[in-house]
Every structure is written in C-alpha cells, then in structure tokens.
Amino acid sequence: MRQSFAVSSLFKERILLPPESISNSLLGYLFLREKLLEIVLGDSETNILYWVGKEIGNTLNIQVPEELEDIFAQLDFGQVYLEHQSPSTVGYRITHNRLNLLPKHRLESSLSLEAGLMAGAMEKVTGHYCASTLSVQEQKGITYALIEISIDEEKSAILE
C-alpha cells in the first residue's frame, strides 16, 4: 500500500501513533456502524454523515483523484476502484469484507460518510461543485458500494 500523508491532515494534533500505522478493530467498527451512528444521529444520520464527509473531503491535502484509493485504504474504509469517468461524472466501486457483515439499510445510511468524503475530495481536486449518490449492491454474495460523483463544470466550488 502506498502511504499518503493526506490522512495526517485529518488530525489537528499528532495522536499517540501516526494515523497511518493504526489498525481498526472489527468489533469497534461494527459498533460504530451498526449502533452508535444510528442512535446518536437518528433520522438525520444520512444527511449529517454526507455533510461531515464532504467537509472532511474538502480539508484533505489531495492533489489527484487517485489519492482516494490510498486514503480509503489507510482509513480502512475499503478498496476503491474507478468504474468510469467522464468530464461530468466519476463512478467508484468500494469493496470491503466488512460490508457483508452489516444489513443493507445500515450500509445505505452509514456509507454516506464515504460518499460525502469522495464528493468533497473531488471538489478540492476539480475546483467545481460536486455531489454524490450512493447505492449498495450485492453480486455473488459480495456486497459493495457504488458512488457516483456528479461534477458541475459550470458551478465553482467555494473552498476555504
């Protein structure tokens, strides 16, 4: 795995270990995705996670879209694959063995964070307003997420 130091820009102060070297626990992941987010955010979970993800994506020190693959791997969000690209849209597939462990309705809500993060990162790279949509699919027993990013080439992104 290539190391991208963009992950470090997510933390204001250095934590005990560099974020690039920390691994996640499966139980913590399931607790966060299955229970905590739903309890704390309630009916607004999808919208809040998308907005938070987009804000985080806009703060990443990212130069090219390919860095998303490294960032997702380092954060243990899964593997990112470019599905298609045109001047106005980019489609990504996200796979992770943990996606099979959660019900589809929970993934459709909690993966809004990743969808927003990708939209924000693309805004940072392109300088244009971006929005994303998320769908959770299953094929041959494998669950994956499809994130479609629309790039509005006529509307400039306002980045601070």
Side-chain angles (χ1 to χ4, degrees), residues 1-10 19-20 23-24 26 29-30 32-34 37-38 41 44-160:
M1 171 176 65
R2 298 174 294 190
Q3 290 293 315
S4 171
F5 294 102
V7 172
S8 295
S9 66
L10 297 176
E20 294 83 13
S23 65
N24 299 334
L26 180 58
Y29 173 87
L30 293 173
L32 175 72
R33 294 278 184 175
E34 175 68 18
L37 290 174
E38 184 177 34
L41 302 177
S44 300
E45 177 183 10
T46 301
N47 294 329
I48 291 171
L49 288 177
Y50 181 83
W51 176 79
V52 168
K54 196 160 181 187
E55 289 291 315
I56 291 170
N58 273 307
T59 64
L60 288 171
N61 186 15
I62 183 172
Q63 305 298 314
V64 293
E66 291 78 15
E67 285 185 85
L68 284 171
E69 298 169 17
D70 301 331
I71 291 165
F72 269 61
Q74 288 175 330
L75 293 174
D76 200 21
F77 282 176
Q79 291 185 286
V80 174
Y81 303 96
L82 179 65
E83 290 282 302
H84 63 86
Q85 184 173 8
S86 75
S88 61
T89 63
V90 182
Y92 290 101
R93 175 188 298 244
I94 300 174
T95 62
H96 197 298
N97 59 356
R98 294 177 183 171
L99 297 181
N100 286 344
L101 302 174
L102 292 169
K104 184 178 179 182
H105 75 279
R106 290 299 311 134
L107 290 172
E108 289 169 340
S109 293
S110 69
L111 289 176
S112 293
L113 178 72
E114 286 86 337
L117 190 147
M118 289 184 132
M122 288 301 289
E123 277 185 2
K124 182 89 171 205
V125 170
T126 66
H128 295 286
Y129 176 80
C130 296
S132 64
T133 58
L134 164 75
S135 66
V136 176
Q137 307 288 322
E138 187 177 330
Q139 185 177 33
K140 298 181 182 177
I142 306 286
T143 302
Y144 58 91
L146 292 175
I147 296 178
E148 182 81 18
I149 302 168
S150 298
I151 303 166
D152 187 339
E153 296 175 321
E154 296 181 15
K155 188 174 180 183
S156 181
I158 300 172
L159 304 174
E160 296 177 10

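If you're wondering where the values come from, they're calculated on a predicted model, not measured in any experiment.
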Q: Enter the distance from Tyr50:OH to Thr133:OG1 here, rounded to the nearest 0.5 Å.
A: 8.5 Å

**Q.** Point-to-point distance, once rounded to the nearest 0.5 Å, from CG of Leu68 to CG of Leu117
**A.** 7.0 Å

Q) How many angstroms lie between OG in Ser150 and OH in Tyr129, if you round to the nearest 0.5 Å? A) 9.5 Å

Q: Quick one: closest heavy-atom pair of Leu134 and Ser112, and the distance?
A: CD2-N, 4.0 Å

Q.
Please give me the minimum heavy-atom distance between Leu60 and Lys124, naming the atom from each residue.
A. O-CE, 3.3 Å

Q) In Å and rounded to the nearest 0.5 Å, what is the OG to NE2 distance from Ser110 to His105? A) 9.5 Å

Q.
For the OG1 atom of Thr95 and the CD atom of Gln139, what is their distance to the nearest 0.5 Å?
A. 12.0 Å

**Q.** Which atom of Glu153 lies closest to which atom of Pro87, heavy atoms considered
**A.** OE2-O, 2.9 Å

Q.
Would the distance check show the side chain of Asn100 and the main-chain N or O of Thr143 forming a donor-acceptor pair, the cut-off being under 3.5 Å?
A. yes

Q | Test item: Tyr92 side-chain N/O and Glu69 main-chain N/O as donor-acceptor pair under 3.5 Å | A | no

Q. Are the side chain of Ser44 and the backbone N or O of Asn47 linked by a donor-acceptor pair below 3.5 Å?
A. no

Q: Start with the C-alpha distance between His84 and Glu148, add both sets of side-chain angles, then the distance that settles side-chain contact (heavy atoms from CB on, under 4.5 Å), and finish with yes or no.
A: CA-CA 9 Å; His84 63 86; Glu148 182 81 18; 2.9 Å; yes

Q.
On a heavy-atom basis, which atom in Phe77 and which in His96 lie closest, and how many Å separate them?
A. C-CD2, 3.7 Å

Q: Give a yes or no on whether a salt bridge exists between Arg106 and Glu45, defined as a side-chain N under 4.0 angstrom from a carboxylate O.
A: yes

Q: Start with the C-alpha gap between Ile94 and Met118, add the side-chain angles, then the distance that decides, and say whether side-chain contact (heavy atoms from CB on, under 4.5 Å) holds.
A: CA-CA 11 Å; Ile94 300 174; Met118 289 184 132; 4.3 Å; yes

Q.
For Leu111 versus Ala145, what's the shortest heavy-atom pair and its separation?
A. CD1-CB, 3.8 Å

Q: Check whether any side-chain N or O of Lys54 sits under 3.5 Å from a backbone N or O of Cys130 as a donor-acceptor pair, and report yes or no.
A: yes

(Q) Keeping Ser132 on the side-chain end and Ala115 on the backbone end, is there a donor-acceptor pair under 3.5 Å? (A) yes

Q.
Can you tell me how far apart OG1 (Thr89) and CD (Glu83) are? Round to the nearest 0.5 Å.
A. 12.0 Å

Q. Minimum heavy-atom separation for Ile151 to His128, with atom names?
A. CG2-CB, 3.9 Å

